[in-house]
Amino acid sequence: MPVTALNASAAAPANGETLLEFPDNYLLIDLCGEHDRNLAVLEDRIGVQILRRGNRLAVMGDAEARARAAEVLRALYQRLESGKGLDLGDIDRELRMGPAGREAGPQEGDQTEMFGKGGPADRVEIRTRRKVVEPRTEAQKAYVRALFDHELAFGIGPAGTGKTYLAVAVGVSMFLGGHVDKIILSRPAVEAGERLGFLPGDAKEKVDPYMQPLYDALNDFLPQKQVQKMIEEKIIEIAPLAFMRGRTLSNAFIVLDEAQNATSMQMKMFLTRLGEGSRMVITGDRTQIDLPRGVPSGLIEAERLLHNVPKISFTRFTARDVVRHPLVAAIIEAYDADARARERLEDPG
């Protein structure tokens, strides 16, 4: 019977060092990462020093930091023992969510969910053709649940928080599970503060640059040839918001991305496209509105009008939920702090 990471021996000598012993040297190599890069990440994020000694890791630092590092190392090793890979995103997820978000084997009474197989199981994850996607923060976990549980869900917050990525993952999962017949992805074709002028080509070639992030997400979850075939067969539609007018979207998973750039009329038009058997997700960032000055954002208006409507879900993200480079979170926090300071100056009362 293999020894799991939770049974790895640990000691805390008086010199401020914790020793962790792992039985499988090959898994330990994966745990440490190429040139020990995984250990370097943990050292930087937790504030400890980690040294390799054969099949042991020596963790040095204050008692609280050592305990945290040992907890994370055990959990990551357990992930490797279960046959899963380990990348920097998995490390970030474990650091953010800790024991509350950790994967565990099936246990009696476990109430977390696995999506993509049609029912609850032992953990929160989204199964697609190319990868299994796992929420990295509590807000992301709540968002994923909301996408499966509600026919209309909003994800609002800064860039890099996984709003669109998770929505497309859920859409692919629901399609593969037979819950919807098609996937419809849409964005307002609004220039982000630039004047690009006349774009050559047919209608598709003109709007594709605006839709590229949606193509990128799809290619993460499905083989590229399958994506192309599904687009040709109209099983997947990627279109500007303006193309949605006059349609009723039934038995589909529908995502409106960058919804802060939809006008009030466009938002109302889009929301009223929802048909039988469909799920709709609206994502956006209130701080990145590119509409002309004086034109109100349909996302802000929809949030104000619909926040108390039953069966509509709102998940709000903050800089703490950013899962890109750590500097992105710091940049967002700096801009948010400046905006709050300006508001206080403009409204001292």
(request) Determine yes or no for a side-chain-to-main-chain donor-acceptor pair under 3.5 angstrom, with Q266 supplying the side chain and T263 the backbone. (result) yes
(request) In plain terms, say whether E125 and R127 are close enough for a salt bridge, that is, a side-chain N and a carboxylate O under 4.0 Å apart. (result) yes
(message) A side-chain contact here means heavy atoms from C-beta on lying under 4.5 Å apart; do L271 and I282 qualify?
(response) yes
(request) Compute the centroid of each ring, for Y165 and then for F221, and state whether the two points are separated by less than 6.0 Å. (result) yes
(message) Looking at T318, is its backbone amide N or carbonyl O close enough to the side chain of D321 to form a donor-acceptor pair, meaning the two atoms are under 3.5 Å apart?
(response) yes
(request) Any chance you could lay out the salt bridge (Lys or Arg N to Asp or Glu O under 4.0 Å) test for E71 and R68, step after step, and finish with the verdict? (result) CA-CA 5 Å; E71 177 186 61; R68 175 71 176 127; 2.7 Å; yes
(message) Run R279 and E151 through salt bridge (Lys or Arg N to Asp or Glu O under 4.0 Å) and show every step you take.
(response) CA-CA 5 Å; R279 297 292 177 99; E151 293 179 343; 5.3 Å; no
(message) If you define the side chain from C-beta out and look only at heavy atoms, does anything of K311 sit under 4.5 Å from L152?
(response) no
(message) Checking S250 against E276 for the side-chain hydrogen bond (donor to acceptor under 3.5 Å, both in side chains) test, could you report, in this order, the C-alpha distance in whole Å, the side-chain angles of both residues, the deciding distance, and whether it holds?
(response) CA-CA 5 Å; S250 301; E276 290 293 327; over 6 Å; no
(message) Check this for me, if you would: do E94 and R74 make a salt bridge, where the nitrogen-to-carboxylate-oxygen distance has to be below 4.0 angstrom?
(response) no
(request) Over all heavy atoms of both residues, which pair between A159 and Q288 is shortest? Give the atoms and the distance, please. (result) CB-NE2, 3.9 Å
(request) Examine L305 and I156 and state if one hydrophobic cluster contains both, with Ile, Leu, Val, Met, Phe, Trp and Tyr joined whenever side-chain heavy atoms are less than 4.5 Å apart. (result) yes
(message) Using the rule given for side-chain contact (heavy atoms from CB on, under 4.5 Å), can you reason through L249 versus L274, listing the C-alpha separation, both sets of side-chain angles and the distance that settles it, and then say yes or no?
(response) CA-CA 6 Å; L249 307 176; L274 184 64; over 6 Å; no
(request) Give a yes or no on whether the backbone of F175 and the side-chain of H179 come within a donor-acceptor separation of less than 3.5 Å. (result) no
(message) Same cluster or not: I29 versus L80, using hydrophobic residues (I, L, V, M, F, W, Y) connected whenever any side-chain heavy atoms lie under 4.5 Å apart?
(response) no
(request) Identify the heavy atoms of A69 and V59 that sit nearest to each other, and give their distance. (result) CB-CG1, 3.8 Å
(message) Over 60° means perpendicular and under 30° means parallel, so tell me whether Y77 and F22 are parallel, tilted or perpendicular.
(response) tilted
(request) Check the hydrophobic clustering (I, L, V, M, F, W, Y; side-chain heavy atoms under 4.5 Å; chains of links allowed) and say if L27 and L88 are grouped together. (result) yes
(request) Apply side-chain contact (heavy atoms from CB on, under 4.5 Å) to the pair L95 and I46, showing each step before the final yes or no. (result) CA-CA 9 Å; L95 287 166; I46 301 177; 3.7 Å; yes
(message) On a heavy-atom basis, which atom in I254 and which in S278 lie closest, and how many Å separate them?
(response) CD1-CB, 4.0 Å
(message) With salt bridge (charged side-chain N to carboxylate O under 4.0 Å, His left out) as the rule and sequence neighbours excluded, what pairs involving residues 217-245 come up?
(response) K131-D220, K182-E237, E237-R247
(request) State, yes or no, whether a side-chain contact exists between T283 and L256 at a heavy-atom distance under 4.5 Å. (result) no
(request) Establish whether V132 and L86 are linked, either directly or via other cluster members, by ILVMFWY side-chain heavy-atom contacts under 4.5 Å. (result) no
(request) To the nearest 0.5 Å, tell me how far L147 CG sits from S313 OG. (result) 7.5 Å
(request) Could you pull out the closest heavy-atom pair between L222 and R129, with the gap in Å? (result) CD2-CB, 3.7 Å
(request) Would you check if D24 and N55 make a side-chain contact, meaning some heavy-atom pair closer than 4.5 Å? (result) no
(request) Starting at CZ of R136, measure out to CD of E134 and round the result to the nearest 0.5 Å. (result) 9.5 Å
(request) Answer yes or no: is there a donor N or O on one side and an acceptor on the other, between the side chain of H307 and the main chain of R304, under 3.5 Å? (result) yes
(message) Could you check whether any side-chain N or O of K163 sits under 3.5 Å from a backbone N or O of G157, counting only pairs where one atom can act as donor and the other as acceptor?
(response) yes
(request) Please tell me if the side chains of P135 and I126 come closer than 4.5 Å, counting only heavy atoms from C-beta onward. (result) no
(message) I'd like to know if R53 pairs up with E17 as an ion pair, taking the criterion as any Lys NZ or Arg NE/NH1/NH2 lying under 4.0 Å from an Asp or Glu carboxylate oxygen.
(response) yes
(request) Give a yes or no on whether L31 and Y26 share a hydrophobic cluster (residues Ile, Leu, Val, Met, Phe, Trp, Tyr; joining criterion: side-chain heavy atoms under 4.5 Å apart). (result) no
(request) Step by step, work out the side-chain contact (heavy atoms from CB on, under 4.5 Å) result for V180 and N251. (result) CA-CA 5 Å; V180 295; N251 301 310; 5.7 Å; no
(request) Could you check if a side-chain atom of R52 sits within less than 4.5 angstrom of a side-chain atom of L39, using non-hydrogen atoms only? (result) yes
(request) Identify the two heavy atoms, one from Q260 and one from G284, that lie closest to each other, and give their separation to 0.1 Å. (result) OE1-CA, 3.2 Å
(message) Under the criterion side-chain contact (heavy atoms from CB on, under 4.5 Å), I'd like the reasoning laid out for M211 against L185: C-alpha separation, chi angles, the key distance, then a yes or no.
(response) CA-CA 9 Å; M211 307 297 154; L185 309 176; over 6 Å; no
(request) Search all heavy atoms of S297 against all heavy atoms of A259 and return the closest pair with its distance. (result) OG-O, 4.3 Å
(message) With a 4.5 Å cut-off on side-chain heavy atoms, are I183 and V168 touching?
(response) no
(message) Can you confirm whether more than 12 heavy atoms, excluding those of R130, are under 6.0 Å from its CZ atom?
(response) yes
(request) Not counting sequence neighbours, which residues clear salt bridge (charged side-chain N to carboxylate O under 4.0 Å, His left out) with E303? List them please. (result) R286, R316
(request) Any chance you could measure C32, atom SG, to L57, atom CG, to the nearest 0.5 Å? (result) 5.0 Å
(message) What I'd like to find out is whether the side chain of T164 reaches to under 4.5 Å of the side chain of L214, using heavy atoms alone.
(response) yes
(request) Flag the pair D92 and R45 as a salt bridge only when some basic side-chain nitrogen lies within less than 4.0 angstrom of an acidic carboxylate oxygen. (result) yes
(request) To the nearest 0.5 Å, tell me how far N261 CG sits from L299 CG. (result) 9.5 Å
(request) Supply the atom-to-atom distance R66 CZ to I50 CD1, rounded to the nearest 0.5 angstrom. (result) 12.5 Å
(request) Look only at the side chain of T161 and the backbone of F317, and say whether a donor-acceptor pair between them is shorter than 3.5 Å. (result) no
(request) Rounded to the nearest 0.5 Å, what's the gap from CD1 on I184 to CZ on F243? Could you check? (result) 14.0 Å
(message) Main chain of D216, side chain of N219: is a donor-acceptor contact present, judged purely on distance under 3.5 Å?
(response) no
